[in-house]
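In what follows, a structure is listed as structure tokens, so that the remarks can point back to it.
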Amino acid sequence: MCRTTDLRRAVLAQNDDSARALRDGLAARGAIAVNLLSSPGSGKTALLETELALARERGVPVAALTADLATENDARRLARSGVPVQQVLTDGLCHLEAVMLRGYLAGWLPADAALLFVENVGNLVCPAAYDLGESLRVVLASVTEGEDKPLKYPTAFGTAQLVLITKADLAAAAEFDEAAFLANVARVNPGVEVVHTSARTGLGAGALLDRALAVRAGTPAHRPVMTSPAVAAPHHPPVPDHHHDHDHDAHHDHEHEHGAHHGHGAHHGHGAHHGHDHAAVDPR
């Protein structure tokens, strides 16, 4: 007998409870979280470097948490902006969960932080299923990734409240069909705003920061309306696209788009930090 569906619902329900608590806790201190999802190599860290530097110039108190399977390279890059940065090493886990995030933020997030940028693990499958207590979910796609990305990853694009096209300066060289991309975005997430950016040229600089500040100030974020049968209702992130066609109640073992392979217990580390490493990076 297969109990996979019930197990996943239980895991996601537990995550949603933690996400709500985190969102409420951030709101009580006047802050919001921004969850960034993308494929590896989309330019997510480069764009975030720009946004953090601008925030510091404008005197906006921000912090950033970046998650990777290994290395602290991204945290070192982001810390050059001068804002507080924390690196989370997931040791093979392909996504962050709300309970993990709450643990990492406890005692670290500066009291005056208005915005918390969360650079999720680089893939468009697992992270899309987990609400992290964010008030703004952003998906990034570079012009080199192909116009059909939204159709291939409808959960990530279908739950986004903002879509950023990165490396837009390379669009012509990559023969990027913008019209096709926008049409595909509209198919899975009608009405979502799409912004062009280039960390190299400065195109769209500050766009992410501006949108995040607007949401914090009370401007309602886009409410995704799911149009694909592959995705579920808003405010309850759907199940990842990876298959679970086997019977299990305590363990699953699967391969994700980035090629990382892991096996982990069905509890997904809830209530703990998964035993993964994390470290605050001195911005100086």
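Throughout, numbering of the chain's residues begins at 1 and tracks the sequence. Since we're looking at a predicted model, the values are computed, not measured.
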Legend entry - Charged N-O contact under 4.0 Å between Asp210 and Arg58: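 Yes, charged N to carboxylate O under 4.0 Å.
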
Find out whether [X] and [Y] are in side-chain contact, i.e. whether some heavy atom of one side chain is under 4.5 Å from a heavy atom of the other.
X      : Y      : result
Asp91  : Leu69  : no
Val138 : Leu140 : yes
Leu26  : Leu109 : yes
Val60  : Leu213 : yes
Leu208 : Val34  : yes
Phe117 : Leu78  : no
Gln87  : Asp74  : yes
Leu96  : Leu132 : yes

Side chain [X], main chain [Y], donor-acceptor under 3.5 Å:
X      : Y      : value
Glu147 : Ala180 : no
Gln161 : His222 : yes
Thr219 : Val215 : no
Asn123 : Val125 : yes
Asn73  : Arg76  : no

Inset, instruction - Evaluate the salt bridge (Lys or Arg N to Asp or Glu O under 4.0 Å) criterion for residues Arg23 and Asp131: first the C-alpha distance (whole Å), next the side-chain angles of each, then the deciding distance (0.1 Å), finally the verdict. - result: CA-CA 10 Å; Arg23 189 161 25 244; Asp131 182 355; 2.9 Å; yes

Inset, instruction - Give the C-alpha distance, both sets of side-chain angles, the deciding distance and a yes or no for side-chain contact (heavy atoms from CB on, under 4.5 Å) between Leu136 and Asn35. - result: CA-CA 6 Å; Leu136 183 62; Asn35 187 8; over 6 Å; no

Inset, instruction - Specify whether Tyr130 and His95 have parallel, tilted or perpendicular ring planes, treating 30° as the upper limit for parallel and 60° as the lower limit for perpendicular. - result: parallel

Quick check: closest heavy atoms across [X] and [Y], and the distance to 0.1 Å?
X      : Y      : answer
Thr90  : Leu93  : OG1-O, 2.7 Å
Thr166 : Ser42  : OG1-O, 2.5 Å
Ala128 : Arg137 : O-NH1, 2.8 Å
Lys44  : Ser38  : NZ-OG, 2.9 Å
Val88  : Leu65  : CG2-CD2, 3.6 Å
Ala212 : Ile32  : O-CD1, 3.4 Å

Spacing of [X] atom [atom1] and [Y] atom [atom2] [to the nearest 0.5 Å]:
X      : Y      : atom1 : atom2 : value
Ile165 : Lys149 : CD1   : NZ    : 13.5 Å
Asn120 : Thr66  : CG    : OG1   : 9.0 Å
Leu182 : Arg187 : CG    : CZ    : 13.5 Å
Leu101 : Gln86  : CG    : CD    : 9.0 Å
Leu52  : Arg77  : CG    : CZ    : 11.5 Å
Arg20  : Asp24  : CZ    : CG    : 9.0 Å

Inset, instruction - With sequence neighbours excluded, tell me which residues meet side-chain hydrogen bond (donor to acceptor under 3.5 Å, both in side chains) with Arg56. - result: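 Residues passing side-chain hydrogen bond (donor to acceptor under 3.5 Å, both in side chains) with Arg56: none at all.
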
Inset, instruction - Sort and list the pairs that fulfil salt bridge (Lys or Arg N to Asp or Glu O under 4.0 Å) and have at least one residue in residues 154-177, not counting sequence neighbours. - result: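 Listed once each, the pairs are Asp169-Arg200.
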
Inset, instruction - Check the hydrophobic clustering (I, L, V, M, F, W, Y; side-chain heavy atoms under 4.5 Å; chains of links allowed) and say if Leu203 and Leu47 are grouped together. - result: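 In one cluster: no.
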
Inset, instruction - Could you give me the CA-CA distance, side-chain angles and deciding distance for Val192 and Phe157, then say whether side-chain contact (heavy atoms from CB on, under 4.5 Å) is met? - result: CA-CA 9 Å; Val192 67; Phe157 283 87; over 6 Å; no

Inset, instruction - Please name the residue in the list Val139, Val188, Leu124 that meets the side chain to side chain contact (heavy atoms under 4.5 Å, CB included) test with Tyr153. - result: Leu124

Inset, instruction - Report the C-alpha separation of Asp148 and Asn184 in whole Å, then their side-chain angles, then the decisive distance to 0.1 Å, and conclude whether the side chain to side chain donor-acceptor pair (under 3.5 Å) test is met. - result: CA-CA 7 Å; Asp148 58 351; Asn184 291 334; over 6 Å; no

Legend entry - CA sep, side-chain torsions, deciding dist, call: Ser18, Glu97, side-chain contact (heavy atoms from CB on, under 4.5 Å): CA-CA 9 Å; Ser18 294; Glu97 297 174 18; over 6 Å; no

Inset, instruction - Only counting residues at least two apart or in another chain, list the ones meeting salt bridge (Lys or Arg N to Asp or Glu O under 4.0 Å) with Arg216. - result: none

Inset, instruction - Answer yes if the side chains of Glu145 and Ser39 hold a donor-acceptor pair under 3.5 Å, and no otherwise. - result: yes

Legend entry - Step-by-step side-chain contact (heavy atoms from CB on, under 4.5 Å) determination, Val99 to Asn15: CA-CA 7 Å; Val99 69; Asn15 180 79; 5.8 Å; no

